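Comments concern the structure below.
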Amino acid sequence: MNDIILNNGESIPWIGLGTFPMKDEECATAVKYAVKNGYRLFDSAAAYRNAEVLGKALKENFSSRDDYKLMTKLSNRQQRTLDVRKALVDSLHFLGMDYVDFYLLHWPNPGTYVECYQQIEELVKEGLVKNIGVSNFHRHHLEELFKYMTIKPVVNQVELHPKLNQEELARYCYDNDIRMVSYSPFARMDPRLIEDVVLNDIANKYGVTVTQVIVRWNYQKGYVVIPKSANDERQRNNISVDTFELTKEDMERINGCNEDYRVRHNPDTCDFMRL
C-alpha cells in the first residue's frame with residue numbers, strides 16, 4: 001500500500017503508530033513491535049512526555065534516521081510562552097534528533113496559534129522542521145490561519161472514526177490540499193463504535209476485525225491513520241488490510257454510522273488551560 005503524497009511533494013506513510021499515553025517500557029516495546037511489523041511513521045507530542053524513550057527506541061530499532069518519520073507537536077503550554085524555537089529545541093534534545101519530519105500545533109490555542117505557526121515557518125527555513133501541520137483545527141481555525149501563513153500545513157490531525165467522520169472538515173481540507181490524519185480511529189475501543197451492527201456486519205463479510213474495517217475505510221478515503229497499540233498482534237492486524245477492499249456500498253454504510261460522537265475534546269468548547 002502506497003505512501004501518501006503531500007501538497008509540498010513530500011510523502012507520508014499511510015499508517016503510523018500513535019504513542020499516547022505510552023511511556024517507559026510500554027513505549028519502547030511498542031516501537032520494537034511496530035518496526036518489526038513494518039511501521040515507518042510515529043506520532044508523539046511534547047504533552048505526551050515520552051520523547052526520550054521514544055527517541056531512544058527509534059534509534060535502537062532503525063539503522064538510519066532516513067528509515068522512519070516522526071510527527072510531534074507543540075503543546076498549549078509551550079504555545080503560551082510564544083517561544084516556539086526553544087520548545088522545539090527542547091523536544092529535539094529529549095528525542096536525540098537534529099530535526100523532526102512533522103511539527104504540528106497540537107491545538108488552536110486562542111490568541112497564539114497564528115503567531116506560533118509563523119514561528120514554525122521560520123524553523124522550516126532553518127531545517128529543524130521538514131513539514132508543518134496542525135492538529136484539532138476546525139475549518140474556521142484554518143481560515144484564520146490562511147490569512148497569515150506563507151507555508152500551507154500538509155496535514156490536519158483530528159479525532160476521526162466512523163462515529164465522528166468529520167466529513168465537512170475533510171471536504172474542506174481536501175479542497176485545500178491538506179491531508180487528514182485520524183487519531184483515536186477506534187474511539188478508544190468505545191462499545192458504541194466497536195459493537196456497531198454495520199461495522200460488525202462488514203467485518204464478518206470479509207472475515208476481518210472491526211478495527212481492520214476502520215483502518216481500511218481510512219485508507220480508501222485517503223487519510224493517514226495512527227492507531228495506538230502496544231500489542232504485537234493488534235499492530236499486525238492494523239497494518240494488514242491489503243487483503244480486502246471495501247465496496248462503494250460498504251463505504252457509504254460506514255459513512256452512515258456518523259453520530260458526531262467524540263471521545264476527546266472539541267477545540268471550540270474545551271478548556272485550553274487544562275490541555
Side-chain angles (χ1 to χ4, degrees), residues 1-20 22-46 48-74 84-85 87-104 106 120-133 135 151 153-155 157 179 181-183 215 218-219 223-242:
M1 298 171 77
N2 297 327
D3 287 359
I4 291 172
I5 304 301
L6 302 170
N7 60 39
N8 59 1
E10 297 292 323
S11 66
I12 186 172
W14 66 272
I15 189 170
L17 180 72
T19 65
F20 177 79
M22 295 188 289
K23 294 182 174 64
D24 303 325
E25 187 61 31
E26 182 187 26
C27 183
T29 300
V31 171
K32 180 180 178 179
Y33 289 152
V35 175
K36 174 178 66 73
N37 291 324
Y39 289 75
R40 294 177 292 109
L41 173 65
F42 298 84
D43 178 73
S44 185
Y48 300 171
R49 298 183 179 180
N50 61 9
E52 190 168 3
V53 65
L54 175 60
K56 181 180 179 183
L58 290 171
K59 282 185 176 181
E60 290 177 348
N61 289 280
F62 282 104
S63 58
S64 170
R65 177 66 178 86
D66 295 332
D67 292 340
Y68 65 90
K69 295 190 177 182
L70 177 72
M71 182 178 290
T72 191
K73 310 176 194 75
L74 180 75
V84 178
R85 193 179 195 285
L88 178 60
V89 169
D90 288 346
S91 290
L92 291 173
H93 169 74
F94 287 116
L95 289 163
M97 297 179 186
D98 297 324
Y99 67 90
V100 294
D101 300 281
F102 299 91
Y103 199 40
L104 280 55
H106 204 156
I120 299 176
E121 291 178 325
E122 294 302 313
L123 298 176
V124 172
K125 297 173 185 176
E126 289 188 47
L128 299 176
V129 173
K130 301 295 185 183
N131 302 276
I132 309 179
S135 182
I151 302 175
V154 295
V155 296
Q157 183 185 127
R179 286 286 178 171
V181 178
S182 304
Y183 77 74
V215 171
N218 273 275
Y219 175 76
Y223 305 157
V224 178
V225 59
I226 48 171
K228 172 260 177 183
S229 178
N231 179 278
D232 188 11
E233 182 179 1
R234 286 196 290 269
Q235 284 187 10
R236 289 198 307 273
N237 285 340
N238 291 341
I239 202 171
S240 302
V241 295
D242 56 348

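Please read all numbers here as calculations on a predicted model, not as lab measurements. Numbers here simply count residues along the sequence, with the first being 1. Both backbone and side-chain heavy atoms feed into the values below; hydrogens, waters and symmetry mates do not.
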Contact summary for [X] and [Y], nearest pair of heavy atoms:
| X | Y | answer |
| --- | --- | --- |
| Gly133 | Pro153 | CA-CB, 4.1 Å |
| Val53 | Ala28 | CG2-CB, 4.0 Å |
| Ser229 | Leu17 | O-CD1, 3.4 Å |
| Val129 | Asn131 | CG1-O, 3.3 Å |
| Pro227 | Ile15 | CD-CG1, 4.0 Å |
| Val35 | Asn61 | CG1-O, 3.4 Å |

Rounded to the nearest 0.5 Å, what separation is found between the [atom1] atom of [X] and the [atom2] atom of [Y]?
| X | Y | atom1 | atom2 | result |
| --- | --- | --- | --- | --- |
| Ile120 | Glu122 | CD1 | CD | 11.5 Å |
| Leu54 | Arg49 | CG | CZ | 16.0 Å |
| Asn218 | Ile226 | CG | CD1 | 10.5 Å |
| Tyr68 | Leu41 | OH | CG | 12.0 Å |
| Arg234 | Ile239 | CZ | CD1 | 15.5 Å |
| Asp101 | Ser11 | CG | OG | 9.5 Å |

With a 4.0 Å cut-off, would you call [X] and [Y] a salt bridge?
| X | Y | value |
| --- | --- | --- |
| Glu233 | Arg236 | no |
| Asp3 | Arg40 | yes |
| Asp43 | Lys228 | no |
| Lys32 | Asp232 | no |

TODO: Begin with the C-alpha distance, continue with both residues' side-chain angles, and end with the deciding distance and a verdict on side chain to side chain contact (heavy atoms under 4.5 Å, CB included) for Lys73 and Gln157.
DONE: CA-CA 10 Å; Lys73 310 176 194 75; Gln157 183 185 127; 3.2 Å; yes
Open item on the list: Less than 3.5 Å apart, any donor N or O on the side chain of Asn37 or Gln235 sitting next to an acceptor on the other?
Closed with: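 Checked: Asn37/Gln235 side chains pair up, N/O donor to acceptor below 3.5 Å.
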Open item on the list: Within a 6.0 Å radius of atom CG on Asp98, are there more than 12 heavy atoms belonging to other residues, nucleotides or ligands?
Closed with: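 It does not: Asp98 CG has 12 such atoms or fewer within range.
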Open item on the list: Within the supplied structure, the quantity of interest is the number of heavy atoms (other residues, nucleotides, ligands) at a distance under 6.0 Å from Glu52 CD; does it exceed 12?
Closed with: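 Counting other residues, nucleotides and ligands, CD of Glu52 stays at 12 neighbours or fewer.
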Open item on the list: Ring-plane angle category for Tyr219 and Trp14, please: parallel below 30°, perpendicular beyond 60°, tilted otherwise.
Closed with: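 Tyr219 vs Trp14 ring planes: perpendicular.
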TODO: For side chain to side chain contact (heavy atoms under 4.5 Å, CB included), just list the numbers for Phe102 and Ile12, CA-CA rounded to whole Å, side-chain angles, deciding distance to a tenth of an Å, and then say yes or no.
DONE: CA-CA 10 Å; Phe102 299 91; Ile12 186 172; 3.8 Å; yes
Open item on the list: For a side chain to side chain contact (heavy atoms under 4.5 Å, CB included) check, start with the C-alpha distance between Val100 and Leu92, then their side-chain angles and the critical distance, and finish with the verdict.
Closed with: CA-CA 8 Å; Val100 294; Leu92 291 173; 3.7 Å; yes
Answer yes or no: is there a donor N or O on one side and an acceptor on the other, between the side chain of [X] and the main chain of [Y], under 3.5 Å?
| X | Y | result |
| --- | --- | --- |
| Lys23 | Tyr48 | yes |
| Lys59 | Gly96 | yes |
| Ser44 | Thr72 | no |

Open item on the list: Quick one, Glu10 and Val154 - any side-chain contact, counting heavy atoms below 4.5 Å?
Closed with: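 In short, these two side chains do not touch, never coming nearer than 4.5 Å.
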TODO: Compare all side-chain heavy atoms of Glu126 with those of Arg85 and state whether any distance is below 4.5 angstrom.
DONE: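 Result yes, sub-4.5 Å side-chain heavy-atom pair found.
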Open item on the list: Taking the cut-offs as 6.0 angstrom to the six-membered ring centre and 45 degrees off its axis, would you call Arg65 and Tyr99 a cation-pi pair?
Closed with: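 The answer is yes; both the distance and angle limits are met.
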Open item on the list: Apply side chain to side chain contact (heavy atoms under 4.5 Å, CB included) to residues Met1 and Val241 and explain how you reach the verdict.
Closed with: CA-CA 9 Å; Met1 298 171 77; Val241 295; 3.8 Å; yes
